[in-house]
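Following: one structure in structure tokens, then a few remarks.
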Protein chains: 2
Amino acid sequence: MADSKPLLSLDGDPMAAEALLQDVFGIVVDEVVRKGTSASEKVCEWKEPEELKQLLDLELRGEGESQQQILERCRAVIHYSVKTCHPRFFNQLFSGLDPHALAGRIITESLNTSQYTYEIAPVFVLMEEEVLRKLRALVGWSSGDGVFCPGGSISNMYAVNLARYQRYPDCKQRGLRALPPLALFTSKECHYSIKKGAAFLGLGTDSVRMVKADERGKMIPEDLERQISLAEAEGAVPFLVSATSGTTVLGAFDPLEAIADVCQRHGLWLHVDAAWGGSVLLSQTHRHLLNGIQRADSVAWNPHKLLSAGLQCSALLLRDTSNLLKRCHGSQASYLFQQDKFYDVALDTGDKVVQCGRRVDCLKLWLMWKAQGGQGLERRVDQAFALARYLVEELKKREGFELVMEPEFVNVCFWFVPPSLRGKKGSPDYSERLAKVGFLLPALLQREARLPQVAPVLKERMVRKGSMMIGYQPHGSCGNFFRMVVANPALTRADMDFLLNELERLGQDL
Amino acid sequence: MADSKPLLSLDGDPMAAEALLQDVFGIVVDEVVRKGTSASEKVCEWKEPEELKQLLDLELRGEGESQQQILERCRAVIHYSVKTCHPRFFNQLFSGLDPHALAGRIITESLNTSQYTYEIAPVFVLMEEEVLRKLRALVGWSSGDGVFCPGGSISNMYAVNLARYQRYPDCKQRGLRALPPLALFTSKECHYSIKKGAAFLGLGTDSVRMVKADERGKMIPEDLERQISLAEAEGAVPFLVSATSGTTVLGAFDPLEAIADVCQRHGLWLHVDAAWGGSVLLSQTHRHLLNGIQRADSVAWNPHKLLSAGLQCSALLLRDTSNLLKRCHGSQASYLFQQDKFYDVALDTGDKVVQCGRRVDCLKLWLMWKAQGGQGLERRVDQAFALARYLVEELKKREGFELVMEPEFVNVCFWFVPPSLRGKKGSPDYSERLAKVGFLLPALLQREARLPQVAPVLKERMVRKGSMMIGYQPHGSCGNFFRMVVANPALTRADMDFLLNELERLGQDL
């Protein structure tokens, strides 16, 4: 029965709640902020899944546990988790720990509100507006619209949905069957979310026409023209081009000016997927890589990547000033977006999105920006470029490394050539072992066949040792190569040297 | 230039990073955990948007700021934010602060990883699996699949996308134009995300057929039958019914057994949107409200609502064991889901979703569950029901309140009848002022016309005073009424009494 004693909050003892949180925060500071960012600690503590399940005792039971047990569980969760803040975590397009961003994220979690109305998120409605305004200004727009989305994939989907709605407003009500077959264009180097999005939005993956890229990974505008003609000849209606600023693997920047020219000629919506490369706009030195972005209709930009704002922080920016976002996605739910409120209901931005409840993603970026200033963030970007350049030069000095191509961004793609293969380029065994077999045979089979394939074996060794994490992949006609990502703002030249030395150590017997 | 000194982490001083975080955490504990949950503090600190902009100094500049300034900014952000953890925050379907869940959220933020691969999220891949297994068991399934989504709206969309893919696998590649016109069914009391989702997925809002609900807000199965026949007669292919367990405004539970019978007869996918009501499954006493849910094909359930797990925690649960989720959404990106990894790549669950990076949403729920036990969570649900019942009985004793209907859940919908209108039911002025005018006239016009409309005026007064927050809305033929939501686990009978007393205080001159 409900009586006057609070049922919970740790048996009605609010002091115990504070004590728990203080203890947990102490563990976080010790184990993540201090040890997790220390190069002398392991980046990961590998366990086989079955063993890890036992260690974590994941089962959820009827009985609750003691405070002491809960604290042990917090320690275990952190201990066996990968430290993405570690200076040797090179595995993804995000890495590192910005303390101001983390402070913003902790405040966000504690305030636990939803971004949909000014009524319950007054600070964050205004803050999101200001942050988006600033990001748009860096794109080159003095007006526009935008929203934070749960990740770049959904930002890209929004762009596609907005483009088709702008051209065919009917489709919101009547659906795609009322429309002619549509075609959108992107390069074969694009992120896989474009195809996923086309399927989800009901367009189908066939509606995505793949434009050729040059050897550097940049979309070829002439082939874009050709693909548009081809699509038209097949009876499809082109409506959108998605260019990429900073491709996932090679870090390539599509030639936006030339692509914008094509879009302009054909009246197509230009979306720029700058999820990865958008942060380069902060750098006076390097922002030329995105020249032409101001001609886009929409831009996706994830500050959780190169700026280390923390997952997730993904902005969709729009040049539109006609309230397209709200017209396209709005449904005027009367229980949430009452029109007789005592404040300006244009501040209730929740109807701009297809979500209902929406997390606050602006505070972490805002607080970090306030602390660093745009200049601090610019230095961070410039630093990443400089370190990537340093790595490339060092790599060239060593015989055990082969560059896939000269990088123009902070993705450094290379093969490690183990001692037994050095100087044997051209032999049939060379490319098989270096790169290709792993793509075709499962790792287990390779081991049984005593034909160790370099990248997967090195990856396994570094993970089991916990010394570093770096991704590898096949790509186009190239077999497995490593993709080094210089994203963690705490990186130094010493970490670059470590990367090369560690690969040599791990691969010395191959 | 990149030298051997880390550029950032607070000017290369890791101790300063720790100190900052300690200071911020101290502010969070004082201002949110302690004062934010105290009934003697204000639930919100209302400011007009223009004034708040000035107070917050939102502009992002080139120069960074000092530690002291940053701490002041953290204090201001919290001060002017609504305290959703406050015992008088009754405004949404979430409220309160569970310290274990918050501990899980802080750890999640500090570890900052993405849920896509076992490689970088070993703990959370296994944990998500276990949490989903537990939620499925409560639905009544001993096997199945599932995933955490960024909110219930997207969980609902997933269900619709999966249902159409299961029936027409071709549509992933060829799109909706290759399909006959589709029809899905839900009641007029459903959440607005069903229509938003239909538009986003390319089906169009016309594809959503609205089934009648009874006076209690429950879908009428006979009308569902009728709508299905009607759709078929119009040449559409019915493929999905979305039933609701716990509607947004009235808190109604659709009759799942009868709806499942209809679905079975017509071979339709049964989705249950239990975003709000799913947590009732934890209660042996009340779970009968969802009888039949085990016959669903998919269930959306948001533990961030009634269980206070924190935004966002939204599970999509599936009965499917054929890997439908991955077949429908997968795209096998070779840079992320390499097939030659040294562990079982079935653990890389990222290809089940349309996102790429995906936040970890399982830890907060898991840690809270470990601490409370299923029994503790069950008591929390039972307590909410008991308090809602208490409120209804108290409300009936007072002449200033009129119940919209007897609740079956923890949404208590009622009108406040101000002194000047008591005993005047039936007069033309009565319903206009009590309820209807506010729906038609903006608040400003009402004030000018000296015809104050009760609910919006009371809402404005409570927000300006900061004493409590409760939502109101028109609904169907009913004008503006308050929807009290008993969700905060710290609530007591005293808070229910406060709600009634405070409305009487605020409305005594109306």
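Chain A is the first sequence line, chain B the second, and so forth, proteins listed ahead of strands; every chain is numbered from 1.
- The candidate from B:Met469, B:Gln69, B:Lys195, B:His475 with the greatest count of non-hydrogen atom pairs under 4.5 Å with chain A is B:Met469.
- Counting heavy-atom pairs closer than 4.5 Å to chain A, the top residue among B:Ser314, B:Cys171, B:Gly202 is B:Gly202.
- For B:Val24, the part lying near chain A is the side chain, with the backbone staying farther off; criterion is any non-hydrogen pair under 4.5 Å.
- Expressed to the nearest 0.5 Å, how far CD of B:Gln92 lies from OG1 of A:Thr113 amounts to 7.0 Å.
- No donor-acceptor distance shorter than 3.5 angstrom exists from the side chain of A:Asp340 to the backbone of B:Pro456, with no hydrogens or angles considered.
- Taking both residues in full, the closest heavy atoms of A:Phe200 and B:Leu201 are given as O-CD2, 3.0 Å, listed atom of the first, atom of the second, then distance.
- Using a 3.5 Å distance cut-off with no hydrogens or angles, the side chains of A:Asn91 and B:Glu119 do pair a donor with an acceptor.
- With chain A as partner, the option from B:Cys44, B:Ala178, B:Pro181 having the largest number of non-hydrogen pairs under 4.5 angstrom is B:Pro181.
- With salt bridges taken as basic N to acidic carboxylate O contacts below 4.0 Å, none links B:Lys370 and A:Glu59.
- With contacts defined as side-chain heavy-atom distances shorter than 4.5 Å, the pair B:Pro122/A:Tyr80 does not qualify.
- Put simply, of B:Cys328, B:Ser193, B:Gly471, B:Ser114, the one with the most heavy-atom pairs under 4.5 Å next to chain A is B:Ser114.
- For a residue to count as touching a neighbouring chain, one of its non-hydrogen atoms must lie under 4.5 Å from one of that chain's; by this rule B:Val131 touches chain A with backbone and side chain alike.
- Across B:Val33, B:Val249, B:Val32, B:Asp344, the residue that shares the most heavy-atom pairs under 4.5 angstrom with chain A is B:Val32.
- Remark: side-chain polar atoms of A:Gln338 are paired, donor with acceptor, to backbone N or O of B:Tyr472 under 3.5 angstrom.
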Which is it for B:Arg105 and A:Asn112 under the side-chain contact (heavy atoms from CB on, under 4.5 Å) test, yes or no, and what are the steps along the way? CA-CA 10 Å; B:Arg105 281 139 63 197; A:Asn112 191 45; 3.4 Å; yes

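- Shortest non-hydrogen contact noted between B:Trp369 and A:Arg61 is NE1-O, 3.7 Å.
- Here A:Gly62 is the residue among A:Gly62, A:Gly64, A:Gly36 with the most heavy-atom pairs under 4.5 Å with chain B.
- When A:Asn161, A:Val82, A:Leu60, A:Val123 are compared by the number of non-hydrogen pairs under 4.5 Å with chain B, A:Leu60 comes out ahead.
- Side-chain N or O atoms of B:Lys196 include none that pairs as donor or acceptor with a backbone N or O of A:Val354 at under 3.5 Å.
- Of the possible polar contacts, one joining the A:Arg177 side chain to the B:Leu179 backbone as a donor-acceptor pair under 3.5 Å is found.
- For A:Cys356, the side-chain contact (heavy atoms from CB on, under 4.5 Å) partners two or more places apart in sequence, or in a different chain, are A:Tyr116, A:Tyr335, A:Leu336, B:Ser153, B:His191, B:Tyr192.
- Using a distance-only test at 3.5 Å, with no hydrogens or angles considered, no donor-acceptor pair links the side chain of B:Lys172 to the main chain of A:Ala199.
- Shown here for A:Ala103 and B:Leu21, the closest heavy-atom pair between the two residues is N-CD2, 3.8 Å.
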Can you list the steps and then say if A:Val77 with B:Met127 is a side-chain contact (heavy atoms from CB on, under 4.5 Å)? CA-CA 10 Å; A:Val77 163; B:Met127 187 180 283; 3.9 Å; yes

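- Heavy-atom pairs under 4.5 Å with chain B were tallied for A:Arg358, A:Lys134, A:Lys47; the largest tally goes to A:Lys134.
- Of the possible donor and acceptor atoms, none in the side chain of B:Thr205 sits under 3.5 Å from a partner among the backbone N and O of A:Arg174.
- Ranking A:Lys83, A:Lys53, A:Gln473, A:Arg73 against chain B, the residue ahead of the rest is A:Arg73, based on heavy-atom pairs under 4.5 Å.
- Formation of a donor-acceptor pair under 3.5 Å by the B:Gln312 side chain with backbone atoms of A:Gly357 is found in this model.
- With rounding to the nearest 0.5 Å, the separation of CD1 in A:Ile27 from CD1 in B:Ile107 is 7.0 Å.
- Ranked by heavy-atom pairs shorter than 4.5 Å toward chain B, the options A:Asn302, A:Leu367, A:Leu347 are led by A:Leu367.
- Residues B:Leu97 and A:Ser110 approach most closely at CD1-O, 4.4 Å, considering heavy atoms.
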Audit row: B:Val463, A:Phe342, side-chain contact (heavy atoms from CB on, under 4.5 Å) steps and yes/no: CA-CA 10 Å; B:Val463 168; A:Phe342 67 95; 3.8 Å; yes

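- When all heavy atoms are compared, the tightest approach of A:Glu48 to B:Tyr118 is C-OH, 3.6 Å.
- The main-chain N or O of B:Leu311 is found under 3.5 Å from a side-chain atom of A:Arg359 such that the two form a donor-acceptor pair.
- Atom CD1 of A:Ile70 sits about 5.5 Å away from atom NE2 of B:His100, to the nearest 0.5 Å.
- The backbone N or O of B:Leu102 lies less than 3.5 Å from no partner atom in the side chain of A:Glu109, so there is not a single donor-acceptor pair.
- The side-chain contact (heavy atoms from CB on, under 4.5 Å) check on A:Arg389 picks up A:Val392, A:Glu393, A:Lys396, A:Glu406, A:Pro407, with sequence neighbours excluded.
- With chain B as partner, the option from A:Trp46, A:Phe124, A:Tyr343, A:Phe94 having the largest number of non-hydrogen pairs under 4.5 angstrom is A:Trp46.
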Using side-chain contact (heavy atoms from CB on, under 4.5 Å), reason through B:Leu111 and A:Thr84 one step at a time and then give a plain yes or no. CA-CA 7 Å; B:Leu111 289 171; A:Thr84 65; over 6 Å; no

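- The part of A:Glu129 that comes within reach of chain B is its side chain, from C-beta onward, which places non-hydrogen atoms under 4.5 angstrom from that chain.
- With hydrogens and angles ignored, the 3.5 Å screen pairs no side-chain donor or acceptor of A:Ser207 with any backbone N or O of B:Gly175.
- Taking both residues in full, the closest heavy atoms of B:Leu126 and A:Pro49 are given as CD1-O, 3.6 Å, listed atom of the first, atom of the second, then distance.
- Each of B:Ser331, B:Gly310, B:Gly151, B:Ala333 has some count of heavy-atom pairs under 4.5 Å with chain A, and the biggest count is that of B:Ser331.
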